[in-house]
Amino acid sequence: SGAAPPQQEPAEPQPAPAHAATAAAYVGAETCAACHDSEATHLAGTPHGKAAFGRLSDLGCETCHGPGAAHAENPDDPALHPRVDRLSVAAQSAVCRTCHDGGQQMFWQGSRHQMRGLSCISCHSVHAPKTEQAQLKTATVSEQCFACHKDVRAETWKNSHHPIREGKISCSDCHNPHGASTPKLIRAVSVNDQCYSCHAEKRGPFLWDHPPVRESCLTCHTPHGSNHLKLQKTSVPYLCQQCHANTRHPGTLYDGLRVPTLEDPARGSNRVFNRACLDCHAAIHGSNHPSAPYLAH
Amino acid sequence: GQDAAAQGFRFRVDPLVFTLLETDVDTDSAKFEEYRDLGSGFLASLDVEGESADHNRTFDFAASRIGREDARYTLAYGLSGRYELRLDYNKIPHRFGNGGRMLWSRTGPGVYEIADPLQGAIQGAVQQQFTANRTGVTFAFLDQLLTPYLAAAQEVDLGLRRDRTAARLDLGRMGRLAWGVEYTHENRSGNRPFGASFGFNNVTELPEPIEYDTTGAELAGEWKGERGGARFGVRHSVFENDVSTLVWDNPFRATDSTDANAYQSPSSSSINGAARGFADLAPDNRSSVVFADGRARFAGDWWASGSASYNVMTQDEPLLPYTLNSAIRGIDPHTHATFDATDPANLPVRNADTEVQVLALNGDVGTRFGEAVSLVFRYRYYDYDNRSPRIEFPGYVRFHAVWEEIPRVTVPYAYARQDLGFDLDWEVFRDSSLGLAYRRQTWDREFREVEGSDEDVVTLSFDTRPTRRLNLRASYEIADRSIDGYRVEAQEESFADPEGTNNQPGLRKYAQAAREYDQWRLLADFYPTDAWTFTAGITGRDEEYDESAHGLLADEVIQYNAEVSYAPGEKLNFYLFGHRADRDVFQRGRQSGSAPSTRPIDDWSIDFDEVNDTWGLGLTSRFAEGWTADVSGNWTESDGFADFFAVPGGLPLGARTAPIDLPNYEDIELFALQGRLDYRIAENAEAGFTYRHEDYTIDSFILQDLRNYLPGALLLNADNGDYQADMFMLDLTLAF
């Protein structure tokens with residue numbers, strides 16, 4: 001289904017970073033909970049409310065929000081509200097990265113999302129998450145991504161697609177939104193290595209390789225969705241003819257004359273219908289057969 | 001149990017859902033359940049959470065679509081900060097077609113046979129016609145011959161299922177040194193359509209048996225310090241295929257034979273060939289990786305991060321013989337001695353023995369200049385070093401039918417790719433930043449047409465939030481790739497004795513060719529009130545291959561999107577979105593006979609125009625106490641047109657004056673509408689009713705009017721086409 005866009009949290013004039021205050025200004029979680037009881041109750045059921053959190057910090061709410069004494073003394077003064085979402089984008093992420101600085105977040109610094117002004121709370125919500133795992137603002141990972149990546153959302157609705165809209169895989173199976181050392185936030189060291197994680201049968205190396213396959217699966221395929229068979233960028237046989245212009249059949253014009261009809265099936269060419277070139281060149285990703293230098297028989 | 005009791009575990013089941021599903025579909029199309037299981041019947045979902053009295057230990061078990069082909073089960077148990085164990089079992093069906101028909105019967109793993117009397121009868125009839133009048137071996141004759149047998153052929157459904165298991169144990173994630181160990185296994189079982197051809201006039205589509213096991217393991221450690229961290233580990237992956245060969249009977253030959261034209265059999269040229277075909281399926285392979293990642297912060301706001309990995313991929317499957325056709329004798333081109341081409345002992349090597357070593361290095365170094373300017377330098381290096389041996393074969397068997405005395409040699413294609421660049425970001429004023437990025441990508445290839453290329457990419461971006469209710473994002477990217485030449489003779493690398501190119505000499509092959517592209521994006525989010533959100537965007541990309549003589553010459557796409565949502569509170573949520581992608585692709589080819597044509601009049605071209613519209617809406621309303629209504633819908637339509645052009649008098653048109661366009665270059669429509677009504681019966685119980693309607697149509701030139709036998713092809717013709725489906729669901733949701 002389509003994803004409703006997440007509500008953006010409006011920016012306000014920013015107070016000084018909470019952590020700039022002195023330790024003496026901390027008031028303790030019980031003081032916070034005295035007023036913010038619903039937040040405290042909800043937080044107790046999340047990882048940030050677990051006892052283990054105490055091993056990282058004994059400051060409770062003020063671990064992230066900063067010292068609250070000034071706010072507690074003047075709760076009606078909006079300038080003193082210790083809201084993380086009112087910090088600068090960099091400061092917002094810095095709060096989270098105090099703890100979440102390794103693992104998945106190792107390459108956040110310098111990542112595409114960081115460079116384009118996103119922060120952790122662009123996607124995550126500590127106090128009102130829609131998912132238990134990762135505490136996202138939407139019900140699924142993909143919906144979260146589609147809130148910005150509208151073109152990808154549309155592509156997942158195309159005829160040939162990975163089972164993203166069926167919920168069997170999600171964007172984060174291939175991409176690490178927190179940053180990666182490879183372009184497009186790909187988790188693996190290259191596009192092909194990412195594809196091999198599910199399509200290991202295409203990893204080879206084969207006796208007879210198809211060189212563009214080894215360079216990038218994206219030479220022929222578009223991963224988010226296509227109206228052509230097998231996520232092809234352009235339908236076969238024309239996809240193949242974007243490279244192959246040899247004598248005889250690779251360079252031949254396959255127009256509508258070669259497509260069979262019910263009235264005239266005899267006009268059909270097996271180089272156009274069904275899987276076109278792949279009807280014969282079935283081992284297009286590579287072959288191990290001594291008699292298959294043309295990637296099948 | 002005892003441990004749980006000792007910890008004072010409290011469990012909560014929320015939710016437990018029982019669903020009764022009734023489905024009505026009007027066709028047998030596999031598309032309806034492509035990745036899902038929607039058959040009528042019961043299903044259930046469950047989530048059980050547990051927590052110890054001290055809140056330290058947690059337990060979570062979730063099961064969705066229990067008992068179904070697309071079920072998923074996850075289990076997590078952990079002691080906060082100390083360890084966490086996660087188990088995941090995910091079933092993913094993938095269906096390709098239902099009710100296909102085939103003359104073959106599966107008689108063993110990867111073995112498809114046609115009953116001997118039937119195979120003999122067909123060969124006899126073809127032989128009789130060929131002897132009487134060889135020009136009578138036509139499609140019409142063969143169609144008439146096969147039709148009664150196909151009417152009685154057995155049916156086959158095409159599909160497979162992935163059963164994925166993953167187990168991960170994390171230790172000490174809150175400490176300075178953490179460890180993680182992961183095990184994954186996937187079994188893929190079933191079949192999928194496969195082109196198992198006997199020649200130009202004898203494509204034989206079969207269900208390719210899929211019996212794959214992919215097993216992976218990873219051990220990694222991570223160290224966190226005050227100013228940085230490092231991750232290091234090893235990863236191993238093994239792919240095993242239980243059915244690595246496919247053997248299938250030739251529907252037109254019961255006995256082995258050969259002649260120089262047998263690859264065109266059955267036709268007026270020949271009716272010879274092999275009685276059985278023999279194909280290799282995906283070979284077992286392995287991948288072993290050692291990796292290390294790191295990051296560090298330095299004085300003066302400098303930081304660095306990087307990763308290195310070294311991957312060895314190997315494959316050493318025993319090779320199949322050249323053919324199973326006992327009539328074929330192999331010929332050594334040097335000695336002219338003949339040998340038995342069905343005996344693998346006569347191969348120059350018995351195993352593939354391929355190996356690729358991949359070294360990947362990535363590094364970023366960045367800093368800030370004051371509060372407003374940040375700079376990141378980036379470097380990427382990916383070296384695909386193919387260590388596979390060059391193996392020379394004295395010839396090969398073409399389509400199981402003819403020995404071709406053309407020595408061929410394997411080619412260990414290799415390449416190295418480097419990216420070097422920087423990103424400069426300047427916060428010109430509050431909540432507005434200007435970005436400039438530059439990247440140069442360099443390729444260095446072995447055995448390819450283009451051995452070296454450089455691509456310069458410059459990106460400008462501007463993001464601003466002039467008010468708290470408006471976000472604007474814009475970017476523009478321009479790129480130029482130059483190449484060091486185009487070696488058309490590279491195609492001859494797999495010929496031990498290059499025989500002279502049969503190829504067009506002009507530049508093409510878009511993945512390597514010189515090109516220019518520019519792409520741009522404009523996105524706006526507007527929040528006039530806290531309840532309303534408007535989003536609009538337009539993006540475009542224009543690729544030009546002006547130096548290419550043939551192949552892909554241009555690929556342009558423009559996309560528009562708009563979205564509105566209204567969420568005044570907890571009781572109402574509404575959204576509507578639309579998206580259009582308009583793509584225009586232009587390519588050119590040149591038709592030749594036996595020698596490459598040099599005549600521009602033999603050129604042809606295609607202009608593809610594809611328009612794709614996607615719409616979606618959703619409305620959720622808690623319209624009365626205890627009642628919730630939810631309506632959602634999606635509609636997507638693609639409309640493609642292939643416009644051909646060729647000059648009268650040239651080879652492509654022959655005696656014709658104009659080519660025939662394809663108005664159905666994948667015209668596809670999917671409409672889905674769902675309505676749901678929920679009523680809260682009690683604090684912990686809810687009843688729901690859902691109705692869903694789907695309507696799918698496809699009109700595609702490549703699948704147009706397919707049948708089991710068409711010229712030169714015996715197809716399965718499994719149903720993956722139109723359907724209309726209505727689904728009714730009653731469910732009861734409980735929590736306790």
Side-chain angles (χ1 to χ4, degrees), chain A residues 1-2 4-5 10-11 50-52 55 102 106-107 109-110 117 150-151 154 157 159 163 166 168 181 189-190 200-201 203-205 207 209 211-212 214 219 227 241-243 245-247 251-253 255-257 259-262 265-266 268 270 274 278-280 282 288-291 293 297, chain B residues 35 55-56 80-81 92 139 195 197 203 214 224 229 239 280 282-283 285 307 322 352 354 356 360 362 364 366 376 396-397 399 408 413 463 468 502-504 509 511 533 550-552 559 561 565 575 579 591-592 604 614 616 632 636 638 644 652 659-660 662 666 668 701 705 710-713:
Chain A
S1 65
K50 302 296 179 202
R55 289 202 289 274
M106 176 166 275
F107 295 115
Q109 186 76 48
K150 314 285 188 188
D151 50 345
W157 277 96
N159 194 45
E166 288 83 358
K168 300 309 290 182
S181 60
V189 294
S190 73
E201 78 277 14
R203 185 164 55 195
L207 187 72
D209 261 328
R214 297 298 141 223
T219 305
N227 288 317
Q241 292 185 310
Q242 290 182 349
C243 289
N246 306 52
T247 56
T252 296
L253 170 68
D255 67 345
L257 182 70
V259 176
T261 63
L262 287 177
N270 59 16
N274 204 38
L278 307 181
D279 283 334
C280 291
N288 239 29
H289 198 301
S291 285
H297 306 277
Chain B
Y35 291 119
H55 304 295
N56 261 335
S80 291
I92 307 176
F139 163 67
S197 176
V203 167
T214 308
K224 294 174 196 164
F239 168 79
D280 63 304
N285 66 63
S307 67
Y322 293 102
T354 58
V356 168
N362 301 284
D364 291 351
V376 181
Y396 62 96
V397 174
F399 286 116
R408 300 297 290 263
Y413 298 102
D463 300 332
R468 53 180 282 232
N502 66 346
N503 223 329
Q504 288 295 333
K509 303 210 173 189
T533 301
H550 296 108
L552 179 65
Q559 301 186 66
N561 73 75
S565 70
Y575 69 84
H579 179 275
Q591 189 161 325
S592 302
W604 52 264
T614 305
S632 61
T636 182
S638 69
F644 293 87
I660 299 174
L662 292 174
E666 324 285 31
I668 301 158
F701 76 99
D705 294 336
L710 279 169

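None of the values given here were measured: they were computed from a predicted structure. These numbers come from the heavy atoms of this one structure, side chains and all, not from hydrogens, waters or symmetry mates. A note on names: the letters A, B, ... follow the listed sequences, proteins ahead of strands, and every chain is numbered from 1.
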Say whether, by atom type as modelled, one donor and one acceptor occur between the side chain of [X] and the main chain of [Y] under 3.5 angstrom.
X         : Y         : answer
Ser80(B)  : Asn56(B)  : yes
Asn288(A) : Leu207(A) : yes
Asp705(B) : Leu262(A) : yes
Asn270(A) : Gly712(B) : yes
Ser291(A) : Val397(B) : yes
Asp364(B) : Ser181(A) : no

With a 4.5 angstrom heavy-atom cut-off, is it the side chain or the backbone of [X] that approaches chain A, or both, or neither?
X         : result
Gln559(B) : side chain
Asn502(B) : both
Phe701(B) : both
Ile92(B)  : both
Tyr396(B) : both
Val376(B) : side chain
Ser592(B) : both

Looking at Asp151(A), Asn159(A), Val259(A), which has the largest count of heavy-atom pairs under 4.5 Å with chain B?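 When all of Asp151(A), Asn159(A), Val259(A) are compared, Asn159(A) has the most.
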
Only pairs of heavy atoms separated by less than 4.5 Å count here; which of Pro211(A), Pro265(A), Gly251(A), Pro290(A) has the most with chain B?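 Max contact count across the listed options: Pro211(A).
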
Only counting residues at least two apart or in another chain, list the ones meeting ring pair (Phe, Tyr, Trp, His ring centres under 6.0 Å) with Tyr35(B).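 Once residues adjacent in sequence are excluded, the partners of Tyr35(B) under the ring pair (Phe, Tyr, Trp, His ring centres under 6.0 Å) criterion are His161(A), His94(B).
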
Options [options], ranked by heavy-atom pairs under 4.5 Å with chain A, top entry:
options                                    : result
Ala713(B), Gly229(B), Ala360(B), Ser638(B) : Ser638(B)
Val356(B), Asn285(B), Asn362(B)            : Asn285(B)
His55(B), Gln504(B), Glu666(B), Lys224(B)  : Glu666(B)

Does Cys280(A) reach the side chain of Val203(B), with side-chain heavy atoms less than 4.5 Å apart?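 In short, these two side chains touch, coming nearer than 4.5 Å.
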
Should Phe107(A) and Ser307(B) count as side-chain neighbours, where that means a heavy-atom distance under 4.5 Å?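 Yes; the side chains approach each other to less than 4.5 Å.
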
What part of Leu278(A) lies closer than 4.5 angstrom to a heavy atom of chain B: side chain, backbone, both or neither?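 When you check distances to chain B, only backbone atoms of Leu278(A) fall under 4.5 Å.
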
Relative to chain B, which segment of Gln241(A) carries a heavy atom at a distance below 4.5 Å: side chain, backbone, both, or neither?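 When you check distances to chain B, atoms from both the backbone and side chain of Gln241(A) fall under 4.5 Å.
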
